[in-house]
Amino acid sequence: MIDREKLTALRDAPVAPAAHVIDGARCQASGGGTMDVVSPLDGSVLTTMPRGTADDAAAAISAARKAFDDGRWSGLSPAARKAVLLKWADLVDAHALELAVLGVRNNGTEISMAFKAEPVSAAATIRYFAEAADKLYGEIAPAAPGTLGLVHREPAGVVGAIVPWNFPLMIGAWKLGPALAAGCTVVLKPAETASLTLLRIAELALDAGLPRGVLNVVTGEGATVGAAIAESMDVDVLVFTGSGPTGRRLLEASARSNFKRVYLELGGKSPNIVFADAPDLDEAAKVSAHGIFRNSGQVCVAGSRLLVERTIHDAFVAKLKSVAEAMVVGDPLDPATSAGAINSERQLAQNLRFVAEARAKGRTIVTGGHRVREDSGGFYMAPTIVAGVSPEDALAQEEVFGPVLAVIPFDTEEEAVAIANGTQFGLAAAVWTANLSRAHRMIRAVKAGVVHVNTYGGADITVPLGGVKQSGNGHDKSLHAFDKFFDLKTAWIKL
Ligand code: ADP
């Protein structure tokens, strides 16, 4: 529950200039100066943070390398690591509102969602992986008599983590939780427009007793700090959530440097497929609207393509329209707001460009399509539904990462599958149907990392999240997330 009094006290509190966290200490950039942190709520300068340099990244990597190699973390018993991480999770929980408000002022997500999805979920994620740390076993191979084959899991080393701005704590924790629980050390590069809360939880980790150098956070530009991490010979594993073009650069950097393993989560154009036999079309409309419009569509698994069976198309779009128009686009720090700000002016301009292109093609703007709350000085956009979209349109092929829903009618199950699979992406999908066999056929036929049935979103930490096709590789969440951070070592023994 959000304490409204505390929220009011926190919402305008001054924010001290931010600093990197390197080798257990706050430190300013070595020579890159600072960059303004602009709040998308009103366009004001919230504070400054270091414009990190390649030297800053190198200092953080060297601290992480030393911390890994001397065993101050990897050499602890898993139970000892668990104890520190559980304490950290408790501290994140204890500071949840402070973190949520800071995060909202930094990235614009509505607080009703950010509170749960950011600090509270990050704490739960850290706790989940901490609890697992001393419950993972190696293997004894079913090898031939006279031999013993053992499979050890060893922490993979120094992890570079590069994360985006939409859910910095949630996504950050998806990487940090399993990496640290496995015994790795980390250099984290937050997004330019959402660094403050990750810096803060790194400080809380030190308070919890995480040894210095185990978690380092370097702020700044992707092309400088992120690229230095990706190119480093001392980073063993790179984990990333962000755009496809950046993912491509990271793979190239790995190939140019030390072949570090690279795990990418690259967004999608996720199909939300509504059949006429859906059990409850009102519920489907409500959940589908939230599936695209929460956090103003700035969600990697957003259901941004609505494929709807033609016989119910008009009625369903009318229902969606009324849900969308009832959503309150407003002050992200007001708990009654259902959609907050767009993260940056650049992102808002990109969203509007997609709508302008659809309009120019003669597609129907059912609702929205425009900027709102301009007087605030911040960046806001009305929930937007575009109907009559062709599967080949940019709006049906490219990730907008904004509150823009493309509606495409279909006639048959086969056609729905063909349209659903007709993009470069394969992250998430949903199917709405009361027909059990159809639901299972669709789960198998749709190429995606997660297929929801009669719901959208909300899959919890117990299940993996990862993409297929150009949505990426590897998995966050669930015990499978550990695979990224362990090396397997075989011991082959003659008895
Ligand atoms: P978005 O379009 O969502 O901002 P990006 O892929 O540009 O997606 O950003 C995601 C993260 O990747 C951010 O932390 C950003 O700073 C970082 N990044 C951007 N460009 C590079 C790059 N060339 N090398 C490494 N990291 C980068």
Side-chain angles (χ1 to χ4, degrees), residues 18 20 29 32 35 37-38 40 49-54 56-58 60-61 103 106-109 159-172 174-176 186-199 202 216-232 235 237-257 260 262-269 295-302 304 341-351 353-354 379 398-403 425 427 467 470-472 476:
H20 304 310
M35 52 205 291
V37 178
V38 174
M49 65 179 196
R51 187 186 297 278
T53 60
D56 298 331
I61 293 165
N106 197 173
N107 85 338
T109 302
V159 172
I162 302 178
V163 296
W165 44 258
N166 55 337
F167 292 102
L169 288 184
M170 178 171 78
I171 294 171
W174 288 349
K175 320 288 190 200
L176 296 177
V186 180
V187 177
L188 174 71
K189 150 74 180 85
E192 290 84 331
T193 54
S195 295
L196 302 181
T197 51
L198 283 165
L199 290 167
N216 307 274
V217 185
V218 183
T219 64
E221 283 158 6
T224 310
V225 177
I229 294 170
E231 297 277 355
S232 170
V235 170
V237 176
L238 190 57
V239 287
F240 172 73
T241 298
S243 66
T246 302
R248 204 175 292 281
R249 281 190 201 101
L250 300 183
L251 287 169
E252 288 166 0
S254 167
R256 269 198 306 274
S257 53
K260 57 180 71 61
V262 181
Y263 297 97
L264 307 172
E265 202 269 75
L266 303 173
K269 191 78 211 179
N295 199 13
S296 296
Q298 302 168 125
V299 179
C300 51
V301 296
S304 54
I342 304 300
N343 179 252
S344 66
E345 201 157 15
R346 183 175 67 104
Q347 181 65 45
L348 174 61
Q350 177 176 309
N351 300 347
R353 262 200 310 278
F354 271 101
F379 319 125
E398 293 169 31
E399 185 174 50
V400 178
F401 222 62
F425 296 111
L427 187 57
Q470 292 187 41
S471 285
D476 287 323

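Sequence positions, counted from 1, serve as the residue numbers for this chain. Remember, it's 1-based here, ligands and their atoms both numbered in the order they're listed. Nothing here was measured: the structure is a model prediction, and the numbers come from that model.
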* Determine yes or no for a side-chain-to-main-chain donor-acceptor pair under 3.5 angstrom, with Glu265 supplying the side chain and Gly267 the backbone. =>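 Yes: the side chain of Glu265 pairs with the backbone of Gly267.
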* Asked: Under the ring-ring contact (aromatic ring centres under 6.0 Å, His included) test, which residues partner Trp165, sequence neighbours left out?
  ->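 Result, ring-ring contact (aromatic ring centres under 6.0 Å, His included) vs Trp165: Phe401.
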* Identify, with sequence neighbours excluded, every residue that meets side chain to side chain donor-acceptor pair (under 3.5 Å) alongside Glu221. =>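 With neighbours one apart ignored, the set is Arg51.
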Write out each pair where an N or O from ligand 1 and one from the protein are under 3.5 Å apart, with the distance.
from, atom 1, to, atom 2, distance (Å)
ligand 1, 4 (O), Trp165, NE1, 3.3
ligand 1, 6 (O), Ser243, N, 3.0
ligand 1, 6 (O), Ser243, OG, 2.7
ligand 1, 6 (O), Thr246, OG1, 2.8
ligand 1, 14 (O), Val163, O, 2.8
ligand 1, 14 (O), Lys189, NZ, 3.3
ligand 1, 16 (O), Lys189, NZ, 2.8
ligand 1, 16 (O), Glu192, OE1, 2.7
ligand 1, 16 (O), Glu192, OE2, 3.3
ligand 1, 16 (O), Gly222, N, 3.4
ligand 1, 24 (N), Gly222, O, 3.3

* **4.5 Å side-chain heavy-atom contact, Ile342 and Gln298** =>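 Yes. Closest side-chain heavy atoms under 4.5 Å.
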* Asked: Side-chain contact, heavy-atom cut-off 4.5 Å: Leu238 with Ser254?
  ->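 Leu238 does not reach Ser254 side chain to side chain.
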Side-chain donor-acceptor pairs of residues 239-249 under 3.5 Å, sequence neighbours excluded:
from, atom 1, to, atom 2, distance (Å)
Thr241, OG1, Lys175, NZ, 2.8
Ser243, OG, Thr246, OG1, 3.1

